[in-house]
Amino acid sequence: MKLATKIIHAGATPDPSTGAIMTPIYQTSTYVQEAPGVNKGYEYARSQNPTRKALEDAYAIIENAKYGLAFSSGVAATDSVMKLLNPGDEVIAASDMYGGSYRLFTKVWERYNIKFIYVDTTNPANVQAAVTASTKLIWVETPTNPLMNITDIEAIAGIAKSANALLCVDNTFASPYLQNPLDLGADIVMHSATKYLGGHSDVIQGCLMMDDAGLREKLYFIQKSCGAVPGPMDCFLVLRGIKTLHVRMKQHCANGEKIAHWLRKHPKVATVYWPGFEDSAGYAIAKKQMRDFGGMISFELKDERDNEVRRVLSSTHLFSLAESLGGVESLINHPASMTHASIPKEDRIKNGLSEGLIRLSVGIEDADDLIEDLNNAIG
Ligand SMILES: *Cc1c(COP(=O)(O)O)cnc(C)c1O
């Protein structure tokens, strides 16, 4: 079955008590049992909830996975993967990634004696060189936030297999519409469903998808034992959002392409980061593992002075200055002071994230209106 059909029908079975076509919001904390232990598979809502179950089935289907698990946020999903590890284990992680993941690794998990080795994962040889007998997990994000660097998932999966380590891919930027890491050999896919999956900037949620039953059991145990579960209303919102993922993504990609090429020709723009440029470093790999190039774009102005960057950031009208991404409305963001402020400045600069970098989450408005808005702001 093709993605468009799967997305519409994923996790959707008529409600058994009424036939309701949309899964109801089961706003309940507990379920009445006929006798101790005699129940319909639902005991307590931290462990099971029918709205969450419908969404978790949908999560699995859209990533070609056997299993899906929902968490109260993207970072809660990442945190749950870290709980698979033991003190002394090593993680190889991408040096260019979401600031909140970096903060979780360095400020929380390092205190529990998990060692993180940061490498530029765009070159698989760097990952191979960092492998030791203690490597238990490789954490990759592609395209990266905010520099759009591309990592070869298949190559890293090969390294993970031979090292007997798990590979987890943060697939938030691509969404399942553009890329399916499990098909390329990854063990776990993670998403901030807050972004493209929810798609309407109205919910915080995260998820993990996997094929291995043993891994699913371990992660389900962590989900119910540690308790970072989303509520049924939030699950309903994501379930509803997913139904239009393919239609939204098609427009995000078309608008992204148009705006990326336009920006590149603008006399006041120095560099544009977007994986669809044929001369960009990651193009060949992006072309191989992605179906299109998405609506996330970063760029630098020729005039890098702080007040000029700030002027542009506060001069758009259709692009709202805000953190987050992947919603139907366009957003503009300053990674150095907003989404990536939790990364120390020296580390940011070392990874190529300049103080003047501007990130766009291109929405699904009319591309010409968006270009006019940017043109007025850049001047
Ligand atoms: C937003 C984001 C996260 C964190 O997700 P939350 O839902 O905000 O907790 C993780 N990875 C990437 C790439 C993100 O953009």
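All heavy atoms count here, side chains included; hydrogens, waters and symmetry mates do not. Numbering of ligands and ligand atoms starts at 1, following listing order. Counting begins at 1 with the first residue of the sequence.
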T78 touching ligand 1 at heavy-atom level, < 4.0 angstrom: no
Protein contact to atom 11 (N) of ligand 1 [nearest heavy atom, distance to 0.1 Å]: D170 OD2, 2.7 Å
More than 12 heavy atoms of other groups within 6.0 Å of R311 CZ: yes
Under 4.0 Å to a heavy atom of N145 - the qualifying atoms of ligand 1, by number: 15 (O)
Atom NZ of K302: over 12 foreign heavy atoms under 6.0 Å: yes
Check: S101 N/O within less than 3.5 Å of ligand 1 N/O: no
V75 N/O under 3.5 Å from ligand 1 N/O: yes
F293/Y283 aromatic ring centres below 6.0 Å: yes
Atoms of ligand 1, numbered as shown, that sit under 4.0 Å from any heavy atom of S192: 1 (C), 2 (C), 3 (C), 4 (C), 5 (O), 6 (P), 7 (O)
F277 six-ring face occupied by R264 cation (under 6.0 Å, within 45°): yes
L325 neighbourhood, listing ligand 1 atoms whose heavy-atom distance to it stays under 4.0 Å: 15 (O)
Interfacing atoms of ligand 1 (cut-off 4.0 Å, heavy-atom, E141): 13 (C)
Partner of W262 by side chain to side chain contact (heavy atoms under 4.5 Å, CB included), out of N375, V269, D368, L370: N375
F299 six-ring centre to K268 NZ/CZ under 6.0 Å and within 45° of normal: no
For G74, the ligand 1 atoms whose distance to one of its heavy atoms is below 4.0 Å: 5 (O), 6 (P), 7 (O), 9 (O)
Centroid-centroid under 6.0 Å between F116 and W139 rings: no
Pairwise salt bridge (Lys or Arg N to Asp or Glu O under 4.0 Å) hits with a residue in residues 204-233, at least two apart: none
Heavy-atom gap Q205 to ligand 1 smaller than 4.0 Å: yes
Shortest protein heavy-atom distance from atom 4 (C) of ligand 1, along with the residue and atom involved: Y98 CE2, 3.4 Å
Closest protein heavy atom (residue, atom, distance) for atom 15 (O) of ligand 1: K195 NZ, 2.8 Å
